[in-house]
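So the structure is just underneath, and the comments pick up after that.
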2 protein chains.
Amino acid sequence: MPGFKGQATYSVDGKGRIAIPSRMRICMSPEAHNTLVATRGFEQCIFVYPLDEWMEIEEQISALNPYSHKHRAFIRRFMRWADEVTIDAKGRIPLQRPLLEYAGIEKTSLILGNQKYLEIWDPQRFDDYLEAEEADYETLAAEVMGS
Amino acid sequence: MPGFKGQATYSVDGKGRIAIPSRMRICMSPEAHNTLVATRGFEQCIFVYPLDEWMEIEEQISALNPYSHKHRAFIRRFMRWADEVTIDAKGRIPLQRPLLEYAGIEKTSLILGNQKYLEIWDPQRFDDYLEAEEADYETLAAEVMGS
DNA sequence: GGAAATTGTGGGAAATTGTGGGAAAATTTT
DNA sequence: AAAATTTTCCCACAATTTCCCACAATTTCC
């Protein structure tokens with residue numbers, strides 16, 4: 001089963017709703033029950049996991065030791081921003097203001113397929129990010145992918 | 001079945017009642033019978049377990065050795081503050097003053113979903129706690145979750 | 001190429017949620 | 001036993017969220 005891929009620039013309406021591109025929607029397993037979990041991602045974008053993928057992450061989390069001080073801190077930081085949403089009849093999900101603000105998203109969003117999950121960015125911020133990284137892309141590729 | 005997640009800042013009314021966010025309420029198993037058990041948690045916050053989860057904890061506790069001095073001490077501390085409450089028609093639970101005082105909660109509370117249970121914090125105290133944890137999130141993530 | 005279905009966008013109506021407070025019932029105190 | 005306090009249950013209100021419908025643009029299918 002292929003993962004999420006491609007990108008799309010979609011609008012965010014007054015109620016904070018963002019449509020999931022249909023070509024990404026059909027990549028979701030039926031086990032996700034049209035449900036996604038949105039949370040803070042790295043580099044100030046929003047990560048969105050289909051429910052079944054999220055469950056696997058939760059399992060990893062619950063395997064941590066809840067009596068360890070450090071682990072507790074991580075779990076709290078991790079669960080804090082997670083928000084379970086269901087896709088409405090028109091293929092949209094509602095996102096909470098705090099998440100949108102974290103990602104700096106206002107009227108427009110860039111949706112990025114990234115294998116197991118989606119990323120939602122403020123388009124401008126993504127450009128800036130790319131530009132900053134572009135310089136070392138080849139170096140990075142060699143370093144990360146090189147055998 | 002996914003666990004509790006997300007956060008919410010809710011008010012505490014004059015009678016010590018705090019609403020449980022509906023999106024967390026629906027995560028409760030019907031076996032909990034709309035009943036929760038609140039008790040002292042770690043880091044000076046309140047832990048709130050759905051009744052069915054609490055039962056499992058009690059089982060673990062009763063498996064401890066009552067003839068061990070240490071075990072007895074632990075059991076007493078743990079059971080002492082436990083308080084069984086039911087969710088009212090508006091989705092709220094009443095919390096005893098001593099618990100609220102322990103957590104330093106007055107007019108506002110931060111409710112945190114933490115998989116099997118909820119945590120209720122004084123918002124300021126939670127901020128301080130996160131700040132005091134020296135490591136930043138990404139470092140922790142790589143450390144705790146990295147394979 | 002053209003008809004039909006699907007997709008992305010917006011907005012209104014209805015239901016739910018969070019908050020506060022009042023009255024009744026139970027408990028404790030005098 | 002009466003008074004005072006606490007707890008429980010109920011109602012009201014504003015704000016938010018959910019659900020539903022409309023419409024234009026695009027894509028799909030024959």
Side-chain angles (χ1 to χ4, degrees), chain A residues 4-28 33-38 46 48 51 81-101 105-113 118-123, chain B residues 4-28 33-38 46 48 51 81-101 105-113 118-123:
Chain A
F4 298 118
K5 64 181 82 67
Q7 67 168 359
T9 307
Y10 278 8
S11 69
V12 184
D13 70 22
K15 298 180 184 173
R17 295 177 298 190
I18 299 179
I20 306 295
S22 71
R23 119 184 75 95
M24 297 186 190
R25 247 182 287 144
I26 58 181
C27 290
M28 284 175 61
H33 298 293
N34 274 323
T35 305
L36 298 162
V37 177
I46 302 171
V48 183
L51 186 57
W81 303 105
D83 182 29
E84 200 174 315
V85 292
T86 53
I87 301 178
D88 75 10
K90 291 291 159 217
R92 293 170 295 192
I93 52 171
L95 292 181
Q96 316 247 332
R97 299 285 159 205
L99 271 184
L100 292 173
E101 279 166 25
I105 295 170
E106 298 189 2
K107 311 215 68 64
T108 316
S109 68
L110 181 82
I111 304 170
L112 220 64
L118 303 174
E119 296 184 0
I120 304 182
W121 290 75
D122 170 57
Chain B
F4 298 118
K5 66 180 79 66
Q7 69 173 350
T9 307
Y10 278 8
S11 68
V12 184
D13 69 22
K15 300 179 185 173
R17 294 177 299 188
I18 299 178
I20 307 294
S22 71
R23 112 186 77 96
M24 298 185 190
R25 249 181 285 142
I26 58 181
C27 289
M28 284 176 60
H33 298 293
N34 275 323
T35 306
L36 299 162
V37 177
I46 303 172
V48 182
L51 186 57
W81 302 103
D83 180 30
E84 198 174 317
V85 292
T86 54
I87 301 178
D88 75 11
K90 290 291 160 216
R92 293 170 295 193
I93 52 170
L95 291 181
Q96 315 249 338
R97 299 287 160 203
L99 270 184
L100 292 172
E101 278 166 24
I105 294 170
E106 298 190 1
K107 309 216 67 66
T108 316
S109 67
L110 183 87
I111 304 170
L112 209 67
L118 303 175
E119 298 184 357
I120 304 182
W121 290 75
D122 170 56

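Side-chain atoms are counted along with the backbone in the values below, which use heavy atoms only and exclude waters and symmetry mates.
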Item to check | Dot-bracket notation for DNA chain D, counting Watson-Crick and G-U pairs under 3.5 Å, with | for partners on another strand | outcome: ||||||||||||||||||||||||||||||
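- The closest side-chain heavy-atom distance from P21(A) to Y10(A) is below 4.5 Å.
- Looking at L36(A) and I20(A), their side chains come closer than 4.5 Å, going by heavy atoms from C-beta outward.
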Next on the checklist: Would I105(A) and I46(A) count as a side chain to side chain contact (heavy atoms under 4.5 Å, CB included) here? Give the steps.
Outcome noted: CA-CA 10 Å; I105(A) 295 170; I46(A) 302 171; 4.1 Å; yes
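- Counting heavy atoms from C-beta outward, I111(A) and M24(A) have side chains that approach closer than 4.5 Å.
- Between R23(B) and E84(A), no side-chain nitrogen of the basic residue sits less than 4.0 Å from a carboxylate oxygen of the acidic one, so the salt-bridge criterion is not met.
- Rounded to a whole Å, the OH atom of Y10(B) is 11 Å from the C1' atom of dT19(C).
- Scanning residues 20-28 of chain B for heavy-atom distances under 4.0 Å to DNA chain D yields an empty list.
- Distance I120(B) CD1 to dG18(C) P: 13 Å, rounded to the nearest Å.
- The main-chain N or O of L110(B) is never found under 3.5 Å from a side-chain atom of T9(B) such that the two would form a donor-acceptor pair.
- The backbone N or O of P94(B) sits nowhere less than 3.5 Å from a side-chain atom of R17(B) that would complete a donor-acceptor pair.
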Could you go over nucleotides 6-15 of chain D and give all protein N or O partners under 3.5 Å, atom names and distances?
from	atom 1	to	atom 2	distance (Å)
dT8(D)	O4	K15(B)	NZ	3.2
dC9(D)	N4	R17(B)	NH1	3.4

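- One atom, CD1 of I111(A), and another, C1' of dT7(C), lie 13 Å apart when rounded to the nearest Å.
- The CG atom of D13(B) sits 15 Å away from the C1' atom of dT17(C) (whole-angstrom rounding).
- Contact check for N34(B) versus I87(B): side-chain heavy atoms found under the 4.5 Å cut-off.
- Distance alone, capped at 3.5 Å, places no donor-acceptor pair between the R92(A) side chain and the I18(A) backbone.
- Closest non-hydrogen pair, T35(A) versus M28(A), comes out as O-CE, 3.8 Å.
- For the pair S11(B) and dG20(C), the criterion of a side-chain N or O lying under 4.0 Å from OP1 or OP2 is met.
- A heavy-atom distance below 4.5 Å is not found between the side chains of V12(B) and E106(B).
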